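What follows is a single structure, written as structure tokens, with notes after it.
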Amino acid sequence: MSSLSEVNLKQQEAIRAVQGPVMVIAGPGSGKTRVLTFRIAHLVTIGVPAYQILALTFTNKAANEMKERITHLVGDKSRHLWMGTFHSLFARLLRTECEKLGFQKNFSIYDSQDSLGLIKTVMSDLSIPSQQFNPQAIRSRISGAKNQLITPEDYLKSVIDLFEEKTAKVYIEYQKRLKQNNAMDFDDLLLRPIELFTHHNKILLKYQDRFRFILIDEYQDTNRAQYVLIKLLADQYRNICVVGDDAQSIYAFRGADIRNILDFERDYPNAVIVRLEQNYRSTRTILSAADQVIKKNIDQITKDLWTENQEGDKITILACEDDQDEGATIVSRIYEESNKLKLQFKDIAIMYRTNAQSRSLEDALRKNSIPYMIIGGVEFYQRKEVKDVLAYLRLLVNPRDDESFMRIVNVPARGLGDVAVGRLRDFAATKSLTLFEATDHASEVSGLTSKARTSVEALSVMFKKYLRLTSEMSMSELSRALVDEIGILPLLKEEGTVEAMSRWENIQELLSAITEFSELRADATLENFLQEVSLVSDIDTWEETANAVTLLTLHSAKGLEFPIVFIAGLEEGLLPLYSTVVERKELEEERRLYYVGMTRAMKKLYLSYAKVRFRFGEMSYQSPSRFLDEMEGDLVETVVSSRRHVSRDMRSFSLGDRNRDRKDRKKTDAESHYFSDTMPDYENASDVSNQVRAGNIVEHEVFGRGKVLHVSGSGEFLKAVVDFPAAGKKNLMLKYARLKVL
DNA sequence: ATTAGGCGATTTTTT
DNA sequence: ATCGCCTAAT
């Protein structure tokens, strides 16, 4: 492997302490990823077979990047390394072992939305009114209980009020239904392995023996279930290396338990503790400011962060009038910085506490033709039409999945409303059949109209046909055939609106993703595709290569770094966010979140706030965040907005009407091309918006020639759907698209 | 009985 | 943007 001279002494210590428990307390920018990759490379180099190494990361993206670097260091020897998120690796393990728990290998994975759907179903079956008891709240209670390994029975025993009593009832039934549906939610992906290991000692021994070296990244954000799971697995060899920073623990709301890191020494008494305190990322100014802020927290392991980096620029506080002004101010700074430092757009990130804040920022960026990408928000795989098609595929893979059945039974509309479906469900329940099985007995279901019966029968025939075809067709052929048969695409085409076209595109995109998966992956099965899709996070698909400003929440910023960082919305109530802050503990988590944001910045940090902000549909007067007062004055300068932002550059151009569907779509080649480098100058293009009609052949500067399929909207909101042979179908806002009619 | 369409409310963070 | 809820149309 490449020499250890690339790492400092502390890092070397963490890399070389191979046997026994190790905890690395790694300050921001201290080379934590480097330690993990070198440590794994080191293990492999000294002869540890890669399959004996289990490395758990927080995101798939982090895992993939590290895997790549390790391969670079040691080559093919690292091929059988198990590296990934807790959820994806234990899902994989469960695929082979779940039969011992009464599940089938093809189990479905429910995301939060699916899980909420099931909870609503359960509530309605138990006659618990969702008006009175918020299903979302019940779901989060149940998830919380599961993260702390509280069984439904235990939960029931400890109820203290009516709400918890109802929650207990739902919890019991919910778990039962999941099993009936041969499905697991996110929490089960951790709980079921624990169940497996505690009930089947032989299996536990097998995995203990297999995973002799365990590494965990972002240990401060593991929850009770993850802690127990790892404790079980590491119990025999005790070669466990955890890396984390208590100051960056920001997932308590999801059950992350900071005690895991604080109590590590107690759990593993002879642990080697290494502190990485030298920061290689940020200027001295940024590091000092962040340090001053985090020192206000009482709960923490004190650290002595230092850096050899330059002092750098002061931190700039941008005092703005309102949220629009904030966007405009940030944009003008982006221009300034990118000219001054010769930086590219991709070197810049704008962070905020809540996704809702992205809107005004996006508007400002779009107005000024600055390319941007959003991480988070409504993800591609969460879109209704995409979830619908996925539900069909899920049902094919796992016909017991009643939740998916319910999702698609009347999509597209086939005359099966609440009443008909209710009858079918009653029938299935009394006969102990799955809904899919029940469709085979449509004539026995009492109370179905003849129309409904015909529909149910057709559904049954269709499903049986595709079930048969699963063994005959490739996964991509099968998906395409199924999508064709359900006829959803022509329906969307008929609808003709820009929204429908965007749905149409999304479904095409999904089909391409399936094809791509089947061509690129050795383990290409529909099961694996569905599993991967339900476990990808938005950050995983982030493309750093595109030259665009990145917009993201402070939570998604963890583990990333950018030369220039803007943190927007530093206002009391927003950061810290009041709806979360009840007492000191919550305030300290908000402060850690802010700290995570600050420490992402390498060269320059901007903090902005607005005096007035449009929130919850009304103007609200904001005061600057207390966090701004927690840095010493000599590190910061404040600039008060003059509220006159002449957009420096009137080149008007757009990616087509992205209309908040932003990066939900993977980018096409044409768009990537657009993002790269310079933007063409359209200063003098004449306005031809009014001449564009359906059927016209038009020319676009980037996408080339295309045919107009549909025009909608009016005035400045005039939009067109154009089919470009070179780039596919695009929704364009005519105001910006500068089409030439040919 | 079913569907379409309109209306209003909703936005904390996410594997 | 999406969901739940309502009403009118079929």
Side-chain angles (χ1 to χ4, degrees), chain A residues 56-63 84-91 109-113 115-117 120 130-131 134-136 140 143 146-147 185-190 218 221-223 225-226 249-256 351-359 375-379 382-385 387 410-423 447-452 455 495 499 502-503 534-540 552-558 569 573-581 586 589-590 592-594 596-597 613-617 659-662 664:
Chain A
L56 298 152
T57 59
F58 197 72
T59 62
N60 293 298
K61 182 178 152 64
T85 61
F86 270 93
H87 290 88
S88 57
L89 292 187
F90 285 100
I109 296 173
Y110 285 179
D111 65 18
S112 330
Q113 209 187 329
S115 140
L116 184 64
K120 284 178 185 163
S130 54
Q131 302 278 14
N134 180 313
Q136 190 64 258
S140 101
S143 178
K146 290 172 89 166
N147 282 172
D185 65 13
F186 284 161
D187 304 320
D188 284 334
L189 295 177
L190 307 173
E218 309 284 7
D221 285 319
T222 50
N223 62 30
Q226 289 165 325
S249 159
I250 53 173
Y251 281 96
F253 73 94
R254 211 171 77 186
M351 302 174 187
Y352 36 78
R353 176 67 234 262
T354 66
N355 279 311
Q357 287 167 257
S358 74
R359 176 140 219 170
I375 299 178
V378 182
E379 292 170 40
Q382 300 290 324
R383 305 286 300 233
K384 186 187 175 301
E385 62 279 10
K387 287 214 77 163
N410 200 31
V411 177
R414 47 170 74 86
L416 296 172
D418 290 348
V419 178
V421 175
R423 298 256 154 83
L448 279 193
T449 61
S450 69
K451 219 175 101 199
S455 268
E495 213 180 303
E499 290 74 23
S502 147
R503 289 173 189 279
S534 45
L535 297 177
V536 288
S537 71
D538 213 45
I539 193 96
D540 296 332
L552 72 176
T553 62
L554 290 164
H555 280 92
S556 345
K558 188 163 75 162
L574 193 57
L575 183 62
L577 188 75
Y578 281 167
S579 42
T580 68
V581 176
E586 288 82 11
E589 175 140 323
E590 294 289 305
R592 288 193 294 268
L593 191 53
Y594 172 52
V596 166
R613 181 178 295 277
F614 209 68
R615 280 187 85 191
F616 307 115
N659 195 21
R660 291 185 71 74
D661 76 7
R662 337 185 262 207
D664 318 344

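Chain identifiers are assigned alphabetically (A, B, ...) following the order of the sequence lines, protein sequences preceding nucleic acid strands; residue numbering begins at 1 within each chain. The structure presented is a predicted model; accordingly, all values stated were derived computationally and were not measured.
- Side-chain contact between L574(A) and Q357(A): present, with at least one pair of heavy atoms (C-beta onward) separated by less than 4.5 Å.
- Atoms CD1 (I375(A)) and C1' (dT13(B)) sit 14 Å apart, rounded to a whole Å.
- Rounded to whole angstrom, the span from the CG atom of D418(A) across to the C1' atom of dC5(C) amounts to 12 Å.
- Within the 4.0 Å cut-off from OP1 or OP2 of dT12(B), not a single side-chain nitrogen or oxygen of N355(A) is found.
- Rounded to an integer number of Å, the gap from NZ of K61(A) to P of dT14(B) is 16 Å.
- Phosphate contact (OP1/OP2 of dT15(B), side-chain N/O of T59(A), threshold under 4.0 Å): absent.
- Here N223(A) does not reach the OP1 or OP2 of dT15(B): none of its side-chain N or O atoms lies under 4.0 Å away.
- Between R503(A) and dT2(C), a side-chain N or O to OP1/OP2 separation shorter than 4.0 Å is present.
- At least one side-chain nitrogen or oxygen of K120(A) sits closer than 4.0 Å to the OP1 or OP2 atom of dG4(C).
- Between the CG atom of N147(A) and the P atom of dT14(B) there is a distance of 16 Å, rounded to whole Å.
- Residue order along DNA chain B, read from the 5' end via each residue's closest nucleotide, puts V421(A) first among T85(A) and V421(A).
- Residue R359(A) has no polar side-chain atom (N or O) positioned under 4.0 Å from OP1 or OP2 of dT11(B).
- Residue-level contact check: D111(A) touches neither bases nor backbone, having no heavy atom under 4.0 Å from any strand.
- Rounded to an integer number of Å, the gap from F58(A) CZ to dT14(B) C1' is 7 Å.
- We find that CZ of F86(A) is positioned 20 Å from P of dT14(B), with the value rounded to whole Å.
- Taking side-chain N and O atoms only, S112(A) has no distance below 4.0 Å to OP1 or OP2 of dT15(B).
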